[in-house]
Amino acid sequence: MTVRTRFAPSPTGFLHIGGARTALYCWLESRRRGGEFILRIEDTDRERSTDAAVQAILDAMHWLDLDADEGPFYQTQRLARYKQVADELVAAGKAYYAYESKEEIEAMREAAMAKGEKPRYNGYYRDRNEPGFHEARREDPNRVIRFRNPSEGSVVFDDKVKGRIEWANSELDDLVIFRSDGWPTYNFAVVVDDIDMGITEVIRGDDHVNNTPRQINIYHALGAKVPEFAHLPMILDKEGKKLSKRTNSVSVMEYRADGFLPHAILNYLVRLGWSHGDQEIFSREEMIALFDIADVNKAASRFDTEKLAWLNQHYLKTDDPQSLAAEFEWHLQRAGIDTSHGPAPVDVIVALRDRVHTLKEMAERAKIWYAPIAEWDDKAVAKHLKNDSAVAVLDAAKSLLAGCEWQPEPIHQVIGQVAAKLELGMGKIAQPLRVAMTGTQVSPSIEYTIYLAGRDEALKRIDAAIAIARG
RNA sequence: GCUCCCUUCGUCUAGUGGCCCAGGACACUGCCCUCUCAAGGCGGGAACACGAGUUCGAGUCUCGUAGGGAGCACCA
């Protein structure tokens, strides 16, 4: 049978890091096994679901290039189907109507808690089936449908990540599967969907482990084949706490804005809770070939932005600069840089990729080549421009640069000639020029820094620096 | 409270009874390279939560303890 996995977020916010990893694992597992990956939007909570969130999730999935074979499906469009299945369960005596108000249920829970018991529904309407009983209550505003959970025995399943898990049915109560507002609840809708969509592997966050036994009972009641389950451990923040937007970037698209590459994020995520020996770097093809959901670790892990940054720089350094150009230009624009003049973004990438961890940083540092020097670093000026050899260096460089072929290598030759002529070390040559080009003491190699400025602008900046040096 | 789950360097992890006085990576750090900053090369410190047991032998198996997490909704 074809392997089919699904990612089923509820659109109550953007796609966060944990969700992205779940989506990645679902996607990888289906890809490796030649199966299909389905996207489903779980929007039955009409209070909290928004169209903007749906769009944000779709955008993030697209940016990560986690393409779905089917979907997105929307649960709100499947209401009739849920109703039909629920009615069948009621007709078969596997579910029943109940009429407690929310207040009554709340009181029931509190009473149970007070006695030190697990809060459970008491099954008051479970066997009320005398003739006419339910017809008389057809219009009761509190009417819900509850699933008749088996009261004996236990549910056992082999979780692909956690291993064998056994649950006593006596721990489970008769959960609501249809609310009084006419919408299905999560535990019911997922099961109906996963059956209808032919899902064979349910891969999801570990906060769902506790729901699984209930869902398995519903599968049984529906006479459906129970899929495989794999529950992924949580991703915690640096302090080992739950990820929260107050203290961390949690949205995938926030990471984009911070200058991370989609592949770096995917590579980081695939290694968080999974490994293949000592390998750290995985191409998409390698991930697909090597990933196995059964090898995922059981314990929660912490999100380490520094390691992500290292991976990001790795891809900045090793990817074809041309393939990075579009994303980099997006960042240049966000940084308010006018790229109609100035160096080709690809050249800037080559100059800066060894020196920054993110594209955002790169865009910041690129400003010096797209706009005049905004401010001079006093220390740099004092140290490298206001000294006895600076004017001579600048002068000599200026005249040689004026007629030199405008490529990094010839420019490098020119610098060497200046050094030879003035009998000065490279430090005495490069630093004044660097300050002239950037106003600071830090930049890529001097020939590249000059090259990126362009001949006209470079000569102009040298003139300005000479003026400053002369005081 | 109840049920379920988890525990190897600061962090991500390798490890499926002897190859482990525990390997790799990030971070930190020393040296080298060097026109600045990086990048790179070569080094360094740093962990099996604790206690019993099984075994000739335990990070690896069993049981307990401690610590952590999740869930217990007409939310997903």
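Numbered from 1 within each chain, the chains take letters A, B, ... in sequence-line order.
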At 4.0 Å (heavy atoms only), tell me whether [X] reaches a base, stays on the sugar-phosphate, or touches nothing.
X: A:K162; answer: sugar-phosphate
X: A:Q279; answer: nothing
X: A:E106; answer: nothing
X: A:R143; answer: nothing
X: A:V176; answer: sugar-phosphate
X: A:H208; answer: base
X: A:E306; answer: sugar-phosphate
X: A:S275; answer: sugar-phosphate
X: A:R48; answer: base
X: A:S445; answer: base
X: A:I429; answer: nothing
X: A:D173; answer: nothing
X: A:R302; answer: sugar-phosphate

Taking the [atom1] atom of each, how far is [N] from [M], in whole Å?
N: B:rC50; M: B:rU60; atom1: P; value: 10 Å
N: B:rU8; M: B:rC48; atom1: P; value: 10 Å
N: B:rG68; M: B:rC63; atom1: P; value: 23 Å
N: B:rU7; M: B:rC12; atom1: P; value: 12 Å
N: B:rA46; M: B:rG10; atom1: C1'; value: 9 Å
N: B:rC9; M: B:rA49; atom1: C1'; value: 14 Å
N: B:rG45; M: B:rG30; atom1: P; value: 15 Å
N: B:rU65; M: B:rA14; atom1: C1'; value: 28 Å

Between [N] ([atom2]) and [X] ([atom1]): distance, integer Å:
X: A:F303; N: B:rG69; atom1: CZ; atom2: P; answer: 20 Å
X: A:K317; N: B:rG41; atom1: NZ; atom2: P; answer: 8 Å
X: A:R214; N: B:rC4; atom1: CZ; atom2: C1'; answer: 12 Å
X: A:F229; N: B:rA70; atom1: CZ; atom2: C1'; answer: 17 Å
X: A:R164; N: B:rC4; atom1: CZ; atom2: P; answer: 12 Å
X: A:W274; N: B:rG24; atom1: CH2; atom2: C1'; answer: 15 Å
X: A:F282; N: B:rG24; atom1: CZ; atom2: P; answer: 17 Å
X: A:I177; N: B:rA73; atom1: CD1; atom2: C1'; answer: 15 Å

Decide, yes or no, whether a salt bridge links [X] with [Y] under the criterion of side-chain N to carboxylate O below 4.0 Å.
X: A:D173; Y: A:R146; result: no
X: A:R353; Y: A:D319; result: no
X: A:R6; Y: A:E42; result: no
X: A:K360; Y: A:E364; result: no

With the side chain of [X] defined as its heavy atoms from C-beta on, choose the nearest nucleotide among [options].
X: A:N142; options: B:rC35, B:rA76, B:rC74; value: B:rC74
X: A:V442; options: B:rC74, B:rC37, B:rC5; value: B:rC37
X: A:K242; options: B:rC37, B:rA76, B:rA70; value: B:rA70
X: A:A299; options: B:rC6, B:rG71, B:rA38; value: B:rC6
X: A:D278; options: B:rC35, B:rC75, B:rG23; value: B:rG23
X: A:R109; options: B:rC35, B:rA70, B:rA73; value: B:rA73
X: A:W310; options: B:rC2, B:rC26, B:rC35; value: B:rC26
X: A:I165; options: B:rA76, B:rC4, B:rA73; value: B:rC4

Who is the Watson-Crick or G-U wobble partner of [N], with both distances under 3.5 Å?
N: B:rC72; result: B:rG1
N: B:rA14; result: none
N: B:rA39; result: none
N: B:rG67; result: B:rC6

Given the structure, check if the side chain of [X] and the base of [N] hold any donor-acceptor pair shorter than 3.5 Å.
X: A:T185; N: B:rC74; value: no
X: A:E47; N: B:rC75; value: no
X: A:D207; N: B:rG71; value: no
X: A:E280; N: B:rG24; value: yes

Going through the checks in order, is the side-chain hydrogen bond (donor to acceptor under 3.5 Å, both in side chains) test met by A:Y451 and A:H412? CA-CA 10 Å; A:Y451 163 70; A:H412 178 75; over 6 Å; no
Can you classify the ring geometry of A:Y255 versus A:F303 as parallel (below 30°), tilted (30 to 60°) or perpendicular (above 60°)?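 Taking A:F303 first and then A:Y255, their aromatic rings sit tilted (interplane angle of 30° to 60°).
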Between [N] and [X], is there an OP1 or OP2 to side-chain N/O distance shorter than 4.0 Å?
X: A:S443; N: B:rU36; answer: no
X: A:N297; N: B:rA14; answer: yes
X: A:R179; N: B:rA76; answer: yes
X: A:K307; N: B:rC12; answer: no
X: A:R353; N: B:rA39; answer: no

First of A:V209 and A:D304 reached from the 5' end of RNA chain B, by closest nucleotide: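 On the 5' side of the pair lies A:V209.
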More 5' along RNA chain B: A:P444 or A:G273, using each one's nearest nucleotide?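 On the 5' side of the pair lies A:G273.
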Around atom CZ of A:R138, are there more than 12 heavy atoms from other residues, nucleotides or ligands closer than 6.0 Å?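 12 or below, so no.
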Could you check whether atom CD of A:E423 has more than 12 heavy atoms from other residues, nucleotides or ligands sitting under 6.0 Å from it?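 At most 12 heavy atoms, drawn from other residues, nucleotides or ligands, come within 6.0 Å of this atom.
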NZ on A:K94 to CD on A:E88, rounded to 0.5 Å: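 One gets 10.0 Å once the value is rounded to the nearest 0.5 Å.
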N/O donor-acceptor pair under 3.5 Å between A:N267 side chain and A:E280 backbone: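 Yes.
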